[in-house]
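Heads up: numbering here begins at 1 and tracks the sequence.
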Amino acid sequence: AAINGCGDTQTETAYEDTDPTDDTVSTRLAFDGCAAPTVSVRIEGGGHTWPGGHQYLGERVIGRVSRDFGNEVLLDFLSAHPMP
């Protein structure tokens, strides 16, 4: 956000908790006033994992995998903001 010159304001949107058994809560943070579109996703309760991905090591090692969304979030962002 700092590199893109974003302002201090951001819009928070909660992702639907499609899998309440994963014990994670995900929020999309869209920053305002940026030179380029800037979005961050916060996953509370998640680990060092790819959302919707494979639990490749135990939770004690890498934490939990969020099951509320997956690759479609990244693909939607990249499709909406192609490189010039």
Q) Would you say the side-chain atoms of Ser40 pair up with the backbone N or O of Leu29, donor to acceptor, closer than 3.5 Å? A)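 Answer holds: no.
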(Q) Quick one: does any side-chain atom of Thr38 pair with a main-chain N or O of Ala36 as donor and acceptor, under 3.5 Å? (A)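 Yes: the side chain of Thr38 pairs with the backbone of Ala36.
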Pairs where [range] contributes a residue and the test disulfide bond (SG atoms under 2.5 Å apart) is met, not counting sequence neighbours:
range: residues 10-67; result: Cys6-Cys34
range: residues 53-84; result: none
range: residues 48-84; result: none

Q. Counting only heavy atoms not in Leu78, do more than 12 fall under 6.0 Å of its CG?
A.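 It does: Leu78 CG has more than 12 such atoms within range.
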Q) Under 6.0 Å from the CD atom of Glu12, do we count more than 12 heavy atoms belonging to anything else shown? A)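 Yes, CD of Glu12 has more than 12 neighbouring heavy atoms, counting only those of other groups under 6.0 Å.
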Show me the pairs that pass ring-ring contact (aromatic ring centres under 6.0 Å, His included) and involve [range], at least two apart or across chains.
range: residues 34-68; result: none
range: residues 62-84; result: Tyr15-Phe69, Phe77-His81
range: residues 17-41; result: none

Q: Answer whether the closest heavy-atom distance between the side chains of Asp22 and Asp17 falls below 4.5 Å.
A: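 Yes, side chains in contact.
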Q: Answer whether the closest heavy-atom distance between the side chains of Pro51 and Val73 falls below 4.5 Å.
A: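 The answer is no, as the side chains (C-beta and beyond) never meet within the 4.5 Å cut-off.
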Q) When rounded to the nearest 0.5 angstrom, what distance separates CG in Asp68 from CG in Asp19? A)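 Asp68 atom CG to Asp19 atom CG measures 6.5 Å (nearest 0.5 Å).
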